[in-house]
Amino acid sequence: MMGFSVQRWAAWAPGLVNPASWETWLATPHPLPAEGTPALAAMPAMMRRRVDRLGRIALQAAYDAHVDTPDAPVIFASRYGDLGRSVELLTQLARSEPLSPTSFSLSVHNAIGALYSIARGDTSAYAAIAAGEETVEAAFTEACGLLSDGVPRVMVVVYDEPVPTPWEHFSRDVAFPHAWACLLSASTGADAIRLDCADSAPDSPVAPLDAAELPADLRALRFLVSGASRWEHATGGRCWRWARHA
C-alpha cells in the first residue's frame with residue numbers, strides 16, 4: 001500500500017484540546033469527562049447552530065488540522081455516527097409524532113462532511129466511512145488510494161461518542177466523545193508509514209493491557225503521533241499492521 005506521512009494532526013475531547021495535552025494523555029491514559037462541547041468558532045453561526053455535540057467535536061478537529069492548508073479530499077470516519085439523533089427520530093416515529101426534516105438530514109452518516117464542505121466552500125471530494133471495528137483502517141485505505149492516484153494531500157477525520165442507552169449493550173468501546181484528524185501526504189521516505197492487512201493467525205500477539213484500555217481508533221492515533229515503529233490491530237479474522245520503515 002502507498003506509504004504516507006502525517007503533515008499535521010489535531011484532536012478534541014473534553015479536557016483535551018491541543019496536541020500537547022493529547023500526547024501526554026495518550027502516554028498515560030486516565031478517565032476523562034463525558035461532557036463538553038467545543039466552541040467551533042470557525043464555522044458560521046447559522047450553520048453551527050444546526051450541529052449537535054458529536055458533529056461539533058468532529059468539525060473542531062477537522063478545522064484545527066486543516067488550518068490554512070489548501071483544500072483537499074476529506075474522509076469522515078465514524079463507527080456509529082450520530083446515533084443519539086437517530087434514537088430521537090425513531091422514538092418520534094414510534095409515538096406517531098412528526099419528524100423534523102432538518103434533524104433527519106443531519107442524522108445520515110455524510111451530514112457532517114457535507115456541512116464542512118459547504119461552510120468552507122470546498123468542492124473537493126468527500127467521503128463518509130463506517131466499517132465496524134475496522135473503521136480507521138478502512139478510512140486510511142481509502143486515503144492511500146487517493147494518494148496513489150496523485151492527490152497531493154488527504155485529510156482523515158475519525159470521531160465517535162458513547163452509544164445511547166437503547167444500544168448500550170452492543171458496545172462499550174467508546175467511553176467519552178472524541179475526534180481526531182490527520183492531514184496526510186504520500187511518502188516514500190525511510191520514515192513512511194505503511195498499512196498492510198493479513199489473515200489473523202490464532203497465535204497473534206495480544207495487545208498490552210494499557211493499550212486495551214483505549215478504543216482501537218485511539219490506539220491508532222497513539223501509533224501515528226508517538227513515533228512508534230509498529231502496531232498491530234487484530235479484528236474480524238484479519239490483522240492490520242501499521243509500521244514505520246525507518
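Residue numbers count from 1 along this sequence. What's counted below: heavy atoms across the whole structure, side chains too, no hydrogens, waters or symmetry copies. Worth saying up front: this structure is predicted, and the values here are computed from it rather than measured.
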Trainee: What do the steps show when you test Cys182 against Met155 for side chain to side chain contact (heavy atoms under 4.5 Å, CB included), and what is the final call?
Mentor: CA-CA 6 Å; Cys182 287; Met155 188 162 71; over 6 Å; no
Trainee: Check whether any side-chain heavy atom of Tyr63 lies under 4.5 Å from a side-chain heavy atom of Tyr116, and answer yes or no.
Mentor: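 Yes, at least one pair of side-chain atoms sits under 4.5 Å.
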Trainee: Check Pro73 against Leu146 and note the closest heavy-atom contact, atom names and distance.
Mentor: CB-CD1, 4.0 Å
Trainee: Is any side-chain heavy atom of Pro19 closer than 4.5 Å to a side-chain heavy atom of Trp9?
Mentor: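 In contact.
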Trainee: Looking only at heavy atoms, which two atoms of Leu26 and Arg222 are closest? And how far apart?
Mentor: O-NH1, 2.9 Å
Trainee: Contact between Ser187 and Ile193 at the side-chain level, heavy atoms closer than 4.5 Å - yes or no?
Mentor: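 No - every pair of side-chain heavy atoms lies 4.5 Å or more apart.
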Trainee: Nearest 0.5 Å, what's the CG-CG distance between Leu99 and Leu89?
Mentor: 5.5 Å
Trainee: If Ile, Leu, Val, Met, Phe, Trp and Tyr residues are connected whenever their side-chain heavy atoms lie under 4.5 Å apart, and connections chain through other members, are Trp12 and Val51 in the same group?
Mentor: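 The answer is no; the residues belong to distinct hydrophobic clusters.
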Trainee: Nearest 0.5 Å, what's the OG-CD distance between Ser103 and Gln92?
Mentor: 6.5 Å
Trainee: So, taking the atom named CG in Leu54 and the one named CZ in Arg56, what distance separates them when rounded to the nearest 0.5 Å?
Mentor: 12.0 Å
Trainee: Indicate if Ile112 and Met47 have the same hydrophobic cluster label, given that clusters are the connected sets of ILVMFWY residues with side-chain heavy-atom separations under 4.5 angstrom.
Mentor: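 They do share one cluster, since a chain of ILVMFWY contacts under 4.5 Å joins Ile112 to Met47.
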Trainee: So, for Arg120 and Thr69, which heavy atoms are closest and what is the spacing to 0.1 Å?
Mentor: NH2-O, 4.1 Å
Trainee: Applying a strict under-4.5 Å side-chain criterion to I, L, V, M, F, W and Y, I'd like to know whether Ile57 and Leu16 cluster together.
Mentor: no
Trainee: Salt bridge or not for Asp199 and Arg238, using N-O below 4.0 Å?
Mentor: no
Trainee: Decide yes or no for Leu32 and Pro14: does some side-chain heavy atom of the first lie under 4.5 Å from some side-chain heavy atom of the second?
Mentor: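 In short, these two side chains do not touch, never coming nearer than 4.5 Å.
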Trainee: Side-chain contact test, heavy atoms from C-beta onward, threshold under 4.5 Å: evaluate it for Ile75 versus Val157 and give yes or no.
Mentor: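 Side-chain contact under 4.5 Å: no.
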Trainee: Which heavy atom of Arg244 sits nearest a heavy atom of Ala228, and at what distance?
Mentor: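 Heavy atoms of Arg244 and Ala228 come nearest at NH1-O, 2.6 Å.
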Trainee: Once ring-ring contact (aromatic ring centres under 6.0 Å, His included) is applied, do any residues pair with Phe176, and if so which ones, sequence neighbours excluded?
Mentor: Trp25, His178
Trainee: If every non-hydrogen atom of Ala139 is compared with every non-hydrogen atom of Ala77, which pair is closest and at what distance?
Mentor: CB-CB, 3.7 Å
Trainee: Would you check, one step at a time, whether the test side chain to side chain contact (heavy atoms under 4.5 Å, CB included) holds for Phe76 with Tyr159?
Mentor: CA-CA 8 Å; Phe76 282 86; Tyr159 62 101; 4.0 Å; yes
Trainee: In terms of hydrophobic clusters joined by side-chain contacts under 4.5 Å, are Val17 and Leu221 together?
Mentor: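 Per the 4.5 Å side-chain linkage, Val17 and Leu221 are not co-clustered.
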Trainee: Are Ser117 and Tyr126 close enough that some pair of their side-chain heavy atoms sits under 4.5 Å apart?
Mentor: yes
Trainee: Where is the tightest heavy-atom contact between Phe223 and Ser229, given as atom of each residue plus distance?
Mentor: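 Taking every non-hydrogen atom into account, CE1-C, 3.8 Å.
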Trainee: First locate atom CD of Glu133, then atom CZ of Arg79, and finally report the distance between them rounded to the nearest 0.5 Å.
Mentor: 5.0 Å
Trainee: Is His233 close to Arg241 at the side-chain level, that is, under 4.5 Å between some pair of heavy atoms?
Mentor: no
Trainee: With side chain to side chain contact (heavy atoms under 4.5 Å, CB included) as the criterion, how do Asp160 and Asp217 come out once you've worked through the C-alpha distance, each side chain's angles and the decisive distance to 0.1 Å?
Mentor: CA-CA 9 Å; Asp160 261 311; Asp217 75 292; 5.8 Å; no
Trainee: Does Ile129 belong to the same Ile/Leu/Val/Met/Phe/Trp/Tyr cluster as Leu195, with side-chain heavy atoms less than 4.5 Å apart forming each link?
Mentor: yes
Trainee: Working to the nearest 0.5 Å, report the span between CD of Glu232 and SG of Cys239.
Mentor: 4.0 Å
Trainee: Excluding sequence neighbours, so at least two apart, what forms side chain to side chain donor-acceptor pair (under 3.5 Å) with Thr141?
Mentor: none
Trainee: Please determine whether side chain to side chain contact (heavy atoms under 4.5 Å, CB included) holds for the pair Leu218 and Trp22, giving the CA-CA distance in whole Å, both sets of side-chain angles, and the decisive distance to 0.1 Å.
Mentor: CA-CA 10 Å; Leu218 291 181; Trp22 271 95; 3.9 Å; yes
Trainee: Could you tell me if the side chain of Leu106 sits less than 4.5 Å from the side chain of Asp52, heavy atoms only?
Mentor: no
Trainee: With no hydrogens and no angle check, is any side-chain donor or acceptor of Asn18 less than 3.5 Å from a backbone partner on Ser21?
Mentor: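 Checked: pair present.
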Trainee: Using modelled atom types and a 3.5 Å cut-off, is there a donor and acceptor pairing between side-chain atoms of Gln7 and backbone atoms of Leu183?
Mentor: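 Judged by distance alone, no pair lies under 3.5 Å.
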Trainee: Can you measure from CG (Leu59) to CE (Met43) and round to the nearest 0.5 angstrom?
Mentor: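 The CE atom of Met43 is 4.5 Å from CG of Leu59, to the nearest 0.5 Å.
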Trainee: What is the ring orientation for Trp242 with Trp231, classed by angle as parallel under 30°, tilted 30 to 60°, or perpendicular over 60°?
Mentor: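 Ring orientation of Trp242 relative to Trp231: tilted.
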